[in-house]
Protein chains: 2
Amino acid sequence: MTVSEVRYGTGREALIRAVVDVVAEEGLDGLSYRKVAQRAHVNNTLISHHFGSKEAMLEAATVWAVQRTQQRADLTLASAIDRDFAETLTRIVGEEPNLQVFQYSMILASRRSPELRRIAGNLYESYISMVQDVLVRYGYEPERAAARAVFAALDGLVLQQVTVAEREEIVAAITRLGSLIERK
Amino acid sequence: MTVSEVRYGTGREALIRAVVDVVAEEGLDGLSYRKVAQRAHVNNTLISHHFGSKEAMLEAATVWAVQRTQQRADLTLASAIDRDFAETLTRIVGEEPNLQVFQYSMILASRRSPELRRIAGNLYESYISMVQDVLVRYGYEPERAAARAVFAALDGLVLQQVTVAEREEIVAAITRLGSLIERK
DNA sequence: TGTCAAGCTCTGCATCTGCAGAGTTTTTGC
DNA sequence: GCAAAAACTCTGCAGATGCAGAGCTTGACA
């Protein structure tokens, strides 16, 4: 029996990380047991062992990605949407773009999966709450619509960053967003 | 030979429409020649005949979707980001959600395809220009950063509409966005 | 040290996939 | 009306896929 390249007992997490990378780089259409396993340096049937099905594997990877993103969001926590914040957010996104791309893929996939929809809905609500806190510091009443709109702007700009735009363009847009919402 | 259910000569467009629907409903991972052909009511090998490959079929569908979206965007053209605009935009999105979902899928896929990246980049730039025109009417200088940010907010809100949020929430957020950017 | 459960690999298979090549049908243009 | 091109269908196939079932390895615990 071939000895696995990962430490015994760490295969599950290696698979999850591999899922995120493969999906981000090759899309959900490029995802297969063999590709994930190769990336994780384990045997592909370990996927069935740990997750049972492809769908369950994706759900587990989504939960992992969400947790990881929220840890990193805590590092980004802002009291203002200014240039510092823009530089920090785009730097963090740029360090691990696959994490974001994977999540956008799963957001879209949530249309076909009640469980993913629940996870995605909760994730977005938590982000909207964080933005709402920031808006309160800007002097706004705590209201959902404004927070949702501002969060959507950040979400949309991150989507542009990982797809068609340059980081500097996103830094400028986020900074400008901050000045747009300043109470005058 | 089985008689096709679509009028002779219209198979190509039927396939393209079917691609958009299948991708939106089942993801790129759920896309196959047989599924698309079944949806289009033609024989699956007509795909090879018209497009040559799966990738080329997706590019053709993207071009079609972009053109169709831009026609519909012209119907949405706003002089203001207000409640009327919000109702119209969300209504149009709600009438044909698959078109939007397909495009988000292809935006993500553009990371892996120079041609898709070019198409997506152009599409986004044209939208940002439209938003810039609106901002000029609001009394803003013609500058890219603000337009990009406001377009991103609309893009992010449409993404939420087709995934995790209710239409009324999006209407409220777009309306609120309008008031946030009003010069005071 | 031995046992058992969890982690892991190997073998195998039914089904699906993209698409090649040949043949049929419809349209176009002279 | 006929020939050629475009549109379309049928048959077939090599390769890929998810995952079942059996067996091997490692770690935990008594």
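Just the heavy atoms: all of them, side chains too, but no hydrogens, waters or symmetry mates, feed the values below. Numbered from 1 within each chain, the chains take letters A, B, ... in sequence-line order.
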The criterion is side-chain contact (heavy atoms from CB on, under 4.5 Å); which residues satisfy it with B:Ser110, sequence neighbours excluded? A:Thr163, A:Val164, B:Leu116, B:Arg117, B:Ala120
Looking at B:Asp29 and A:Arg112, is any side-chain nitrogen of the basic one under 4.0 Å from a carboxylate oxygen of the acidic one? yes
Examine the base of C:dC10 for any acceptor or donor lying under 3.5 Å from a partner atom in the side chain of A:Thr45, and report the outcome as yes or no. yes
Do B:Glu25 and A:Arg111 sit within salt-bridge range, that is, some charged N less than 4.0 Å from a carboxylate O? no
B:Tyr124 meets the side chain to side chain donor-acceptor pair (under 3.5 Å) criterion, sequence neighbours left out, with B:Asp155
Show every ring-ring contact (aromatic ring centres under 6.0 Å, His included) that has at least one partner inside residues 5-31 of chain B, sequence neighbours left out. none
Does any pair with a residue in residues 12-23 of chain A pass side chain to side chain donor-acceptor pair (under 3.5 Å), and if so which ones, sequence neighbours excluded? A:Glu13-A:Arg17, A:Asp21-A:Asn98
Restricting to ring-ring contact (aromatic ring centres under 6.0 Å, His included), what partner residues turn up for B:Tyr104, sequence neighbours left out? none
Do A:Arg91 and A:Thr88 have a side chain donor and acceptor closer than 3.5 Å? no
Checking only heavy atoms, does the side chain of A:Tyr8 share a donor-acceptor pair with the base of C:dG7 at less than 3.5 Å? yes
Whole Å only: how far is the CG atom of B:Asn44 from the C1' atom of C:dG18? 9 Å
Roughly how many Å is it from CD in A:Gln38 to P in D:dT17, rounded to a whole number? 11 Å
Can you pull out the residues from residues 26-37 of chain B that lie within a 4.0 Å heavy-atom distance of DNA chain C? B:Leu31, B:Ser32, B:Tyr33, B:Arg34
Approximate separation, where rounding is to 0.5 Å, of A:Gln103 CD and A:Leu123 CG: 6.0 Å
Rounded to whole angstrom units, what separation is found between the CG atom of B:Leu46 and the P atom of C:dT24? 18 Å
Between the side chain of A:Tyr33 and the main-chain N/O of A:Asn43, is any donor-acceptor distance below 3.5 Å? no
Salt-bridge present (B:Arg83, B:Glu87; N to O < 4.0 Å): yes
Look for any protein N or O under 3.5 Å of an N or O in nucleotides 28-30 of chain C and output each such pair with its distance, or none.
none

B:Arg72 and B:Thr69: side chain donor to acceptor below 3.5 Å: no
C:dA20 P sits how many Å from B:Ile47 CD1, rounded? 13 Å
Bend angle of the helix from C:dT1-D:dA30 to C:dC30-D:dG1, from helix axes over five pairs at each end, nearest 10°: 20°
Just list the side-chain donor-acceptor pairs under 3.5 Å for residues 53-68 of chain B, sequence neighbours left out, or say none.
unit_1	atom_1	unit_2	atom_2	d
B:Ser53	OG	B:Ala56	N	3.1
B:Lys54	NZ	B:Leu31	O	3.1
B:Thr62	OG1	B:Leu58	O	2.8
B:Arg68	NE	B:Glu96	OE1	3.4
B:Arg68	NE	B:Glu96	OE2	2.8
B:Arg68	NH2	B:Glu96	OE1	3.3
B:Arg68	NH2	B:Glu96	OE2	3.4

When you measure from the side-chain N and O atoms of A:Asn43 to the phosphate of C:dC8, is any distance below 4.0 Å, counting only OP1 and OP2? no
Counting C-beta onward and ignoring hydrogens, is there a side-chain heavy-atom pair between B:Glu169 and B:Gln161 closer than 4.5 Å? no
Rounded to whole Å, NE2 of A:His49 lies from P of C:dG7 at a distance of 5 Å
Looking at DNA chain C, which of residues 50-64 of chain B put a heavy atom within less than 4.0 Å of it? B:Ser53, B:Lys54
Contact check, residues 11-20 of chain A vs DNA chain C, heavy-atom distance under 4.0 Å, returns A:Gly11, A:Arg12
Do any pairs count as a salt bridge (Lys or Arg N to Asp or Glu O under 4.0 Å) and have a residue in residues 119-129 of chain A, sequence neighbours left out, and if so which ones? A:Glu125-A:Arg144, A:Glu125-A:Arg148
Shared hydrophobic cluster, B:Ile81 / B:Val171 (ILVMFWY, side-chain heavy atoms < 4.5 Å): no
